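Single-structure report; data block below.
All values derive from a computational prediction rather than experimental measurement.
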Amino acid sequence: MDHTNHVRLSTTELTPAILEGATIYGTDDEKVGKLDHLHGMGPTAKAIIDVGGFLGIGAKPVAVNVSDLEWMRDEDGDVHAVTTWTKNQLKELPEHRD
């Protein structure tokens, strides 16, 4: 997926209503996870990403800073994020527990 023409989200758009469920892409446009939910609001929030598993079963939740992800909308209006982390790097992070 070519992200160069996708519209970047503003910091005011970094809300649960807009971001939850967004696909997270890593290096080489590999799907690395889905945003489950946020802790906090705006650029200081933590993004809880479900990594691995199949159809949501067996996925490991990990926490990263929302500001460490590049949030954008594609030409269909779907929100997603891009990171430089690979799926394996995210899996190595500690499991997030609410």
Side-chain angles (χ1 to χ4, degrees):
M1 178 182 301
D2 181 8
H3 301 284
T4 55
N5 293 324
H6 293 169
V7 177
R8 281 19 182 202
L9 299 184
S10 68
T11 56
T12 59
E13 294 178 286
L14 303 180
T15 65
I18 293 174
L19 302 182
E20 287 180 3
T23 300
I24 312 299
Y25 293 95
T27 55
D28 298 328
D29 282 329
E30 173 192 19
K31 290 182 182 181
V32 296
K34 281 237 180 245
L35 181 72
D36 184 66
H37 64 280
L38 296 178
H39 279 287
M41 294 284 284
T44 60
K46 293 285 187 187
I48 311 306
I49 301 171
D50 287 335
V51 181
F54 181 72
L55 299 175
I57 298 171
K60 176 184 176 182
V62 298
V64 300
N65 293 323
V66 166
S67 60
D68 289 341
L69 301 164
E70 189 175 2
W71 296 96
M72 58 193 80
R73 288 183 200 279
D74 65 17
E75 49 279 339
D76 296 326
D78 295 326
V79 173
H80 61 281
V82 176
T83 181
T84 57
W85 292 310
T86 65
K87 185 183 285 190
N88 286 336
Q89 288 171 322
L90 287 171
K91 284 181 181 180
E92 290 175 8
L93 293 176
E95 183 172 351
H96 173 77
R97 299 187 188 273
D98 283 323

Distance-minimising heavy-atom pair for Val32 and Val51: O-CG1, 3.5 Å

Trace of the side chain to side chain contact (heavy atoms under 4.5 Å, CB included) decision for Leu69 with Leu35: CA-CA 11 Å; Leu69 301 164; Leu35 181 72; 5.8 Å; no

Specify the closest pair of heavy atoms between Ala63 and Ile48, including all atoms of both residues, with the distance to one decimal. CB-CD1, 3.6 Å

Kindly give the heavy-atom pair with the smallest separation between Ala47 and Leu38, and that separation in Å. CA-CD2, 3.9 Å

Linking I/L/V/M/F/W/Y whenever their side-chain heavy atoms sit closer than 4.5 Å, directly or via other members, would Ile18 and Trp71 fall into one cluster? yes

Just verifying a value: how many Å separate His80 NE2 and Asp29 CG, rounded to the nearest 0.5 Å? 8.0 Å

Does Met72 reach the side chain of Val7, with side-chain heavy atoms less than 4.5 Å apart? no

Note: Pro94 and Val62 closest approach over all heavy atoms is O-CG1, 3.8 Å

Please answer whether the main-chain N or O of Asp76 pairs with a side-chain N or O of Asp74 as donor and acceptor at a distance below 3.5 Å. yes

Determine whether a donor-acceptor pair (N or O, by modelled atom type, separation under 3.5 Å) exists between the side chain of Lys60 and the backbone of Leu93. yes

Do Trp85 and Asp68 make a side-chain contact, defined as non-hydrogen atoms from C-beta onward lying under 4.5 Å apart? yes

So which heavy atom on Val79 is nearest to which on Ala22, and how close? O-CB, 3.5 Å

Quick one, Leu90 and Val64 - any side-chain contact, counting heavy atoms below 4.5 Å? yes

Is His6 close to Glu75 at the side-chain level, that is, under 4.5 Å between some pair of heavy atoms? yes

Here the gap from Leu19 atom CG to His37 atom NE2, rounded to the nearest 0.5 Å, amounts to 13.0 Å

Keeping Glu92 on the side-chain end and Gln89 on the backbone end, is there a donor-acceptor pair under 3.5 Å? no

Shortest non-hydrogen contact from Ala59 toward Gly52: CB-O, 3.5 Å

I want to check something: taking the side chain as every heavy atom from C-beta on, are Met41 and Pro16 in contact at a cut-off of under 4.5 Å? yes

Mind running side chain to side chain contact (heavy atoms under 4.5 Å, CB included) on Tyr25 and Lys31 for me, showing each step along the way? CA-CA 5 Å; Tyr25 293 95; Lys31 290 182 182 181; 3.4 Å; yes

Do we see a donor-acceptor contact under 3.5 Å between the side chains of Asp2 and Thr4? yes

Can you find a pair of side-chain heavy atoms, one from Asn65 and one from Lys46, that are under 4.5 Å apart? yes

Drop me the distance from His96's NE2 to His39's NE2, to the nearest 0.5 angstrom. 3.0 Å

